Protein chains: 2
Amino acid sequence: MPGDGTDRSELKAGAEVQKRSRPVAVADAIKDWVVSQGLRGGDRLPGEAEMMERFGRSKGTIREAMRILEAQGLVKTRTGPGGGSFVHEVSGERARALLGNYFYFRDLTLHDIYSLRRMMEPELAASLAGKLREDQLATLEEIAERYRHPATTAEEERAQHVASLLFHQRLAGYAENELLGFIIGFMAQILTDMTVYRKLYDPPNVELWSKGRAYQLQLIEALRDGDAVRARLVMSDHMATAEALMEAQEAEILKGFMSA
Amino acid sequence: MPGDGTDRSELKAGAEVQKRSRPVAVADAIKDWVVSQGLRGGDRLPGEAEMMERFGRSKGTIREAMRILEAQGLVKTRTGPGGGSFVHEVSGERARALLGNYFYFRDLTLHDIYSLRRMMEPELAASLAGKLREDQLATLEEIAERYRHPATTAEEERAQHVASLLFHQRLAGYAENELLGFIIGFMAQILTDMTVYRKLYDPPNVELWSKGRAYQLQLIEALRDGDAVRARLVMSDHMATAEALMEAQEAEILKGFMSA
DNA sequence: TAAGATTTGTTCGTATGTATC
DNA sequence: GGATACATACGAACAAATCTT
């Protein structure tokens, strides 16, 4: 976790190091110290008292610095004896949330997201063919089971929609290439948020579900058979139809707005 | 910027809302309040005093909460009259840094990264054909100019290597699809970090540069001509050779280690 | 169960720094 | 330069959580 890129300086490195508002600077200093000590996830940091000494700052400032690191997901803190702050490996969930904050201000379209899904998901599927354990395949099957029958209420419809995205999230979690897995998982999360908050599930779309689930079952089969080519193809088709249907769904909603 | 996903609760939503360590909870409350007020980037938040009243917490706690939001890149704060805290749209730089923290603990291989670059960069190139303004093309040309001549020192070699990644970063910044642009920019940043800190530039590789620069110049030409097909093809070749050369470079370094 | 030890969490009062007018 | 309006920082006391005995 090298220099946080908080300052815009690219050249004037050595010059004025301690210009930024204190707690941020202290947080960076702590970060550097942790790295220099070679601390790993789970290792314990010094207590507040020692920090105050080591960095020559008051308790409040040290605490603000720790909050910064905590907000970034880099440390966890517990009270009580044996408590204190501990180096923490940033969780995928946390990373997705933080990145979500960035995209909160940009408005991604369904098209933006599906452009990427169309490139990436098929590759993920292919890379996983023959590589999943039986319990992982079973997990996927269990999820697909949740939307075996068409939903009867809007609430159920929503839950099923979310579950089908969970299918992709789980699949992403099995990726060997963690960068690929993270991005796909992140997109699944964005789509989940969009689904819920833009009510993309609302006019229930029976076609989407029967088709979508059929593709997912075919995919599981291909993965179990170790058929990479087929897995890629199935996922590719799945993405293409999903995009078309989602965008139709979106259009449907807009129509609803206009006629209202 | 909905629920930060800090807690692992998926179901017990309404139950015990204020269990987490206080400042984090206050930060979340402020976040929710900002959203509920519909505040946008640049809008001003209440001063510390008013915050203390509104959230019923003392100055110290409010400050810690603000630090959390600041660390996430969601607010900026200034001192002085007319100062205070302001909603801030998370910058790309900040988002990349935060995401970098996540991957700091996972070790991505060059192969992981290039698998993605091979899929994405060609699509980016194609999507930009005929879409760039002359000044943007000029910027790219200026960057390519920086490594026109082979480097003579290791220091220069490093700078050129970094600059050639900057070429891709800039290109990513021009993307219409912001998700695509962000990911490509992020990968360029990771590669920059790897280059510098694993000294991937060290045994200067003349071949890499002459080839790489040639591809980039061809790419600019194709972009200027609005030739999407050619842009995609050139970038595709560029990525393939870059990966091969980078991995050879990495192997070279390992050899150096072993014989040392 | 209860007491005590340990470590973070929270508050308040005060003083200092900094940018604008 | 001085007044003003803000954030920034410090220190001491007290509260809460959690582990041990």
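Since the model is a prediction, treat every value here as computed from it, not as a measurement. Each chain gets a letter, A, B and so on, in the order the sequences are listed, and its residues count up from 1. When reading the values below, keep in mind they use all heavy atoms of this one structure, side chains included, and skip hydrogens, waters and symmetry mates.
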> Atom CD of A/E48 to atom C1' of D/dG11: distance rounded to whole Å?
Replying inline: 14 Å

> Applying the side chain to side chain donor-acceptor pair (under 3.5 Å) test to A/R158, which of A/E155, A/H161, A/E156 qualifies?
Replying inline: A/E155

>> I'd like to know if B/K59 reaches the base of C/dT14 with its side chain, counting only an N/O donor and acceptor under 3.5 Å.
In response: yes

> At under 4.0 Å between heavy atoms, what does B/G82 touch on the DNA or RNA strands: base, sugar-phosphate, or nothing?
Replying inline: nothing

> To the nearest Å, how far apart are A/E53 CD and D/dC10 P?
Replying inline: 15 Å

> OP1 or OP2 of D/dT8 sitting under 4.0 Å from any side-chain N/O of A/T61?
Replying inline: no

>> Return whichever of A/E64 or B/G83 has its heavy-atom-nearest nucleotide of DNA chain D closer to the 5' end.
In response: B/G83

> Hey, does B/L124 have a side-chain heavy atom less than 4.5 Å from the side chain of B/Y174?
Replying inline: no

> Could you give the CD-to-C1' distance, from A/E70 to C/dT8, as a whole number of Å?
Replying inline: 11 Å

>> Angle between ring planes, A/F103 versus A/F186, binned at 30° and 60°: parallel, tilted or perpendicular?
In response: tilted

>> Students often get this wrong, so: under 4.0 angstrom with heavy atoms, is A/G84 touching a base, only sugar-phosphate, or nothing?
In response: sugar-phosphate

> Atom CG of A/L69 to atom P of C/dT8: distance rounded to whole Å?
Replying inline: 14 Å

> When you check the phosphate oxygens OP1 and OP2 of C/dG9, does a side-chain N or O of A/R67 lie under 4.0 Å from one of them?
Replying inline: yes

> What salt bridge (charged side-chain N to carboxylate O under 4.0 Å, His left out) pairs are there with at least one residue in residues 47-56 of chain A, not counting sequence neighbours?
Replying inline: A/E48-A/K59, A/E48-A/R63, A/E50-A/R54

>> Please report the distance, rounded to the nearest Å, between CZ in A/F55 and P in D/dA9.
In response: 15 Å

> Between B/M52 (CE) and C/dT11 (P), how many Å, whole number?
Replying inline: 9 Å

> OP1, OP2 of C/dT11 versus side-chain N and O of B/S58: anything below 4.0 Å?
Replying inline: yes

> Over how many whole Å does the gap from B/I62 atom CD1 to D/dA9 atom C1' extend?
Replying inline: 17 Å

>> Could you tell me how far apart B/R78 (CZ) and C/dC21 (P) are, to the nearest whole angstrom?
In response: 11 Å

> Given D/dA9, is OP1 or OP2 found less than 4.0 Å from the side-chain N or O atoms of B/R63?
Replying inline: yes

>> With a 4.0 Å cutoff (strictly under), does any side-chain N or O of A/R57 reach OP1 or OP2 of D/dT8?
In response: no

> Looking at D/dT8, C/dT7, C/dG9, which one has an atom nearest to any side-chain atom of A/R44?
Replying inline: C/dT7

> Does the salt bridge (Lys or Arg N to Asp or Glu O under 4.0 Å) test come out yes or no for A/R67 and A/E64, once each step is laid out?
Replying inline: CA-CA 5 Å; A/R67 285 292 94 71; A/E64 288 184 37; over 6 Å; no

